[in-house]
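Only this structure's heavy atoms are used, side chains among them; waters, hydrogens and symmetry mates stay out.
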Amino acid sequence: MIYLLMIDSGEDRRKFVILYETYRHFMMRIALDILRDTYLAEDAVHEAFMKIAANMDKVGETGSLSTKRYLAITAKHAAVDIYRKRKKQFDREMSVEDLDIRIEPAAYMESDADNEVLDILKNLPGRYRDVFLLKYSARMENKDIAGILDIPEGTVRQRIARGKVLIQEALDRLEEMKNE
């Protein structure tokens, strides 16, 4: 077990092995109740045992009620931490479509060229299209876009610059096709 490498004394190692063998299924049930996913629960139990191995001085007798409570609380906190991280990650994976921002042709866009530009924008890769929609359709500042997409402001500027290059390349291809 890799956990044993974290523990210095032989007595604490023996104690840890007993704790692991005795309580891992108990801790797994706690984590599973919170996370509702076997793999995530296994990760939570692993994290809990890493914390326990690092804090063996806080662990009492292997069969005591206080030790069982300590292990239960450690497993619960590890599962809740994973749950929060996953929730935060899920919340960050918001797309511009979720924001209900649409590009609709303006009244002045009557020429075929204007419609072709809209087609180019629609066909941009999502990471560039999202930034462009927020910047030019919703007229948002880079700082606000960075907050919504949970990316650094420098990344917003970079995506705008790269998006402009992609748009220019698409316009150049379109122009070449018309000239042929």
Side-chain angles (χ1 to χ4, degrees), residues 2 6 27-28 30-55 58 72-180:
I2 195 165
M6 299 174 63
M27 294 169 69
M28 182 69 174
I30 292 170
L32 201 53
D33 284 345
I34 293 168
L35 295 168
R36 309 253 185 250
D37 181 286
T38 305
Y39 298 110
L40 293 176
E42 287 173 356
D43 289 346
V45 171
H46 170 72
E47 290 297 319
F49 274 114
M50 293 292 284
K51 290 176 188 173
I52 292 164
N55 296 297
K58 295 181 182 178
I73 289 169
T74 305
K76 177 185 169 196
H77 287 181
V80 168
D81 287 347
I82 289 175
Y83 177 83
R84 286 182 182 148
K85 285 177 190 173
R86 299 274 299 177
K87 183 174 178 358
K88 186 177 180 181
Q89 190 176 26
F90 178 76
D91 291 345
R92 270 193 254 170
E93 292 175 358
M94 174 178 29
S95 172
V96 172
E97 287 82 20
D98 298 338
L99 297 174
D100 198 31
I101 296 174
R102 296 178 191 93
I103 287 188
E104 296 180 14
Y108 64 86
M109 292 186 147
E110 296 177 5
S111 72
D112 288 337
D114 292 332
N115 288 328
E116 290 167 347
V117 170
L118 280 177
D119 287 337
I120 291 171
L121 286 173
K122 288 179 186 175
N123 292 321
L124 275 178
R127 62 176 26 173
Y128 303 115
R129 182 182 62 242
D130 291 350
V131 172
F132 263 81
L133 288 172
L134 293 170
K135 178 76 174 179
Y136 298 109
S137 182
R139 294 188 172 95
M140 296 178 79
E141 298 293 322
N142 290 355
K143 183 178 88 173
D144 299 326
I145 296 169
I148 287 173
L149 298 177
D150 197 33
I151 57 175
E153 193 172 342
T155 303
V156 172
R157 288 191 299 271
Q158 185 181 49
R159 288 182 183 178
I160 289 171
R162 288 180 180 168
K164 286 179 181 179
V165 169
L166 291 173
I167 291 170
Q168 186 60 54
E169 289 171 355
L171 287 171
D172 291 344
R173 283 192 304 272
L174 196 61
E175 189 66 31
E176 288 175 11
M177 288 173 50
K178 285 184 180 180
N179 290 335
E180 290 179 352

Separation of Leu35 CG from Glu42 CD (nearest 0.5 Å): 11.0 Å
Minimum heavy-atom distance Ala78-Ala44, with the two atoms named: CB-O, 3.3 Å
NZ (Lys58) with more than 12 external heavy atoms under 6.0 Å: no
Lys/Arg-Asp/Glu bridge criterion (N-O < 4.0 Å) met for Lys51, Asp81: yes
What's the separation between atom OG1 in Thr155 and atom CG in Asp150, rounded to the nearest 0.5 Å? 10.5 Å
Heavy-atom closest contact (Gly163 atom, Leu124 atom, distance): O-CD2, 4.3 Å
Drop me the distance from Ile167's CD1 to Ile160's CD1, to the nearest 0.5 angstrom. 10.5 Å
Which heavy atom in Thr74 sits nearest to a heavy atom in Ala48, and how many Å separate them? CG2-O, 3.6 Å
Do Lys76 and Asp33 pass the side chain to side chain contact (heavy atoms under 4.5 Å, CB included) test, and can you show the C-alpha distance, the side-chain angles, and the key distance before you say yes or no? CA-CA 9 Å; Lys76 177 185 169 196; Asp33 284 345; over 6 Å; no
Got a sec: does the CD of Glu153 have more than 12 other heavy atoms crowding it under 6.0 Å? yes
For Arg157 and Asn142 the tightest heavy-atom approach is CG-ND2, 3.3 Å
Closest approach of Arg159 to Val131 (non-hydrogen atoms, all atoms of both residues): CD-CG2, 3.9 Å
Would you check, one step at a time, whether the test side chain to side chain contact (heavy atoms under 4.5 Å, CB included) holds for Met27 with Ile52? CA-CA 12 Å; Met27 294 169 69; Ile52 292 164; 3.8 Å; yes
Closest non-hydrogen atoms of Pro125 and Leu166, given as atom of the first, atom of the second and distance, are CD-CD1, 4.1 Å
One should read off an interatomic distance between Leu32 CG and Leu40 CG, to the nearest 0.5 angstrom, of 9.5 Å
Working note: Phe49 + Val45, criterion side chain to side chain contact (heavy atoms under 4.5 Å, CB included); need CA distance, chi angles, decisive distance, verdict. CA-CA 6 Å; Phe49 274 114; Val45 171; 3.6 Å; yes
dist Asp172:CG -> Glu175:CD (nearest 0.5 Å) comes out at 8.0 Å
Within this structure, what is the CG-OG1 distance for the pair Asp43 and Thr38, rounded to the nearest 0.5 Å? 11.0 Å
